[in-house]
Amino acid sequence: MSAADLHEPESAGGLPIALTRVEKSFGRLSVLGNLNLEIPAGQFLAVVGRSGGGKSTLMRLVAGLDTASSGGVSIGGRKVERLHPAVRLLFQEARLVPWQRVGENVGIARGVDWQARARRVLADVGLEGRENDWPTVLSGGQRQRVALARALVSAPQILLLDEPFGALDALTRIEMHRLLEQIWSDRGFTTVLITHDVAEAVALADRVIVLKEGGIALDIDIDLERPRQELADPRAVDLQRQILEAV
Ligand SMILES: Nc1ncnc2c1ncn2[C@@H]1O[C@H](COP(=O)(O)OP(=O)(O)OP(=O)(O)O)[C@@H](O)[C@H]1O
Ligand SMILES: [Mg+2]
């Protein structure tokens with residue numbers, strides 16, 4: 001399937017994100033300290049870093065699910081104070097509603113023509129005709145496709161992904177990489193992907209930052225042509241090495 005085959009080219013585009021002197025502490029634990037980060041509209045940013053380094057905290061701040069101890073986050077030039085309607089999130093677990101069919105999970109927000117829209121976006125993620133299945137009969141990779149469809153059905157301008165492929169086997173993960181790259185290329189939303197997997201970051205992102213000790217230890221552009229070939233591109237291997245050294 002090529003990008004031109006996607007059913008919903010709803011190119012809502014992306015919105016820029018800016019973090020200005022963001023600090024975040026939980027009690028005496030300082031997690032993020034004086035963080036400045038500008039993410040241009042439509043960029044695919046990957047955030048890597050050690051466990052407990054504050055990646056999910058950063059994502060929660062961007063999503064408006066938590067507030068900074070000081071400094072601020074803005075989306076499209078406006079301060080984020082609650083969950084922004086143009087933002088959708090994807091987590092390691094698909095978090096589907098088990099007593100609703102696949103199509104109902106995707107169309108969870110309902111709205112005009114939701115069944116037809118759910119069907120189309122399911123086809124976009126490779127699950128054509130599966131709208132009447134129960135979530136329990138799906139594989140882990142298929143469930144993540146449903147979660148992706150649920151995020152895409154509202155044509156988000158920002159997609160935040162927190163380790164979305166961490167629980168998948170290596171081949172399914174590569175399939176999901178290609179799918180996400182294709183949909184992102186087609187729709188142009190701003191993407192922030194949090195991952196432990198440096199190869200995944202280099203395979204997908206325009207730019208990778210390493211979060212370490214509350215700050216940005218590395219900020220590197222990934223200037224490789226798309227669609228990316230994941231395996232054995234010596235330039236990708238060199239970029240991975242540079243990132244790993246900074247983690
Ligand atoms: N609501 C909270 N209350 C107290 N401490 C918290 C809270 N949320 C996160 N923390 C702490 O902040 C630190 C950063 O957590 P965070 O979840 O952002 O890390 P992470 O980089 O996403 O880690 P992982 O890679 O394991 O998912 C951790 O020490 C965590 O225990
Ligand atoms: Mg996390």
Side-chain angles (χ1 to χ4, degrees), residues 17-39 43-75 80-84 87-96 140-141 143-144 147-148 150-151 156 158-170 172-173 176-177 180 189-220 222 239-247:
I17 303 167
L19 285 83
T20 312
R21 294 188 299 280
V22 166
E23 294 182 51
K24 180 67 182 174
S25 308
F26 296 104
R28 279 186 299 171
L29 176 70
S30 168
V31 177
L32 301 173
N34 200 21
L35 201 70
N36 290 294
L37 177 64
E38 291 204 15
I39 311 171
Q43 185 169 69
F44 197 132
L45 174 76
V47 180
V48 303
R50 290 181 188 277
S51 185
K55 303 180 296 298
S56 296
T57 301
L58 175 72
M59 182 168 123
R60 293 174 58 78
L61 294 177
V62 170
L65 296 172
D66 200 354
T67 48
S69 308
S70 68
V73 179
S74 69
I75 288 179
V80 173
E81 277 157 345
R82 60 188 70 82
L83 185 60
H84 193 288
V87 175
R88 287 291 176 274
L89 298 107
L90 217 62
F91 301 95
Q92 182 159 352
E93 334 78 58
R95 304 187 181 184
L96 304 181
R143 276 181 217 159
Q144 270 314 44
L148 180 60
R150 181 180 55 194
I158 295 178
L159 188 61
L160 305 177
L161 308 112
D162 195 349
E163 296 275 354
F165 312 129
L168 305 178
D169 66 84
T172 307
R173 196 151 61 222
M176 293 300 287
H177 291 168
L180 177 61
F189 43 74
T190 311
T191 303
V192 180
L193 170 71
I194 289 168
T195 179
H196 283 114
D197 182 347
V198 170
E200 176 169 285
V202 171
L204 283 170
D206 294 324
R207 174 186 177 197
V208 177
I209 62 169
V210 173
L211 210 54
K212 190 176 182 181
E213 289 156 13
I216 295 173
L218 180 74
D219 186 341
I220 191 173
I222 308 297
L239 287 159
Q240 289 172 28
R241 185 187 49 71
Q242 285 183 55
I243 295 164
L244 274 170
E245 280 169 5
V247 169

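The figures here come from the full heavy-atom set of this structure, side chains too, leaving out hydrogens, waters and symmetry mates. Counting starts at 1 for both ligands and their atoms, following the listed order.
Contact shell of ligand 1 (protein heavy atoms, cutoff 4.0 Å): F26, L29, V31, R50, S51, G52, G53, G54, K55, S56, T57, H196.
When L193, D206, I17, L37 are each tested for a side-chain contact (heavy atoms from CB on, under 4.5 Å) with L45, only one passes: L37. When the options V192, V62, L161, L160 are evaluated for a side-chain contact (heavy atoms from CB on, under 4.5 Å) with L89, the one that passes is L160.
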side-chain contact (heavy atoms from CB on, under 4.5 Å) between L218 and V208, worked out: CA-CA 8 Å; L218 180 74; V208 177; over 6 Å; no
Stepwise side-chain contact (heavy atoms from CB on, under 4.5 Å) check, L204 with E200: CA-CA 6 Å; L204 283 170; E200 176 169 285; 4.1 Å; yes
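The main-chain N or O of F91 is found under 3.5 Å from a side-chain atom of Q144 such that the two form a donor-acceptor pair.
Residue-and-atom listing of protein N/O/S atoms under 2.8 Å from the Mg ion (ligand 2), sorted by chain and number: S56 OG.
Applying the ring-ring contact (aromatic ring centres under 6.0 Å, His included) test to pairs two or more places apart or on separate chains, those with a residue in residues 43-73 are F44-W184. Sorted by first and then second residue, the pairs that involve residues 59-71 and meet salt bridge (Lys or Arg N to Asp or Glu O under 4.0 Å), not counting sequence neighbours, are K24-D66.
Under 4.0 Å is where a charged nitrogen must lie from a carboxylate oxygen, and between R207 and D219 at least one such pair does.
Considering every non-hydrogen atom in both V48 and K55, the closest pair reads C-CD, 3.8 Å.
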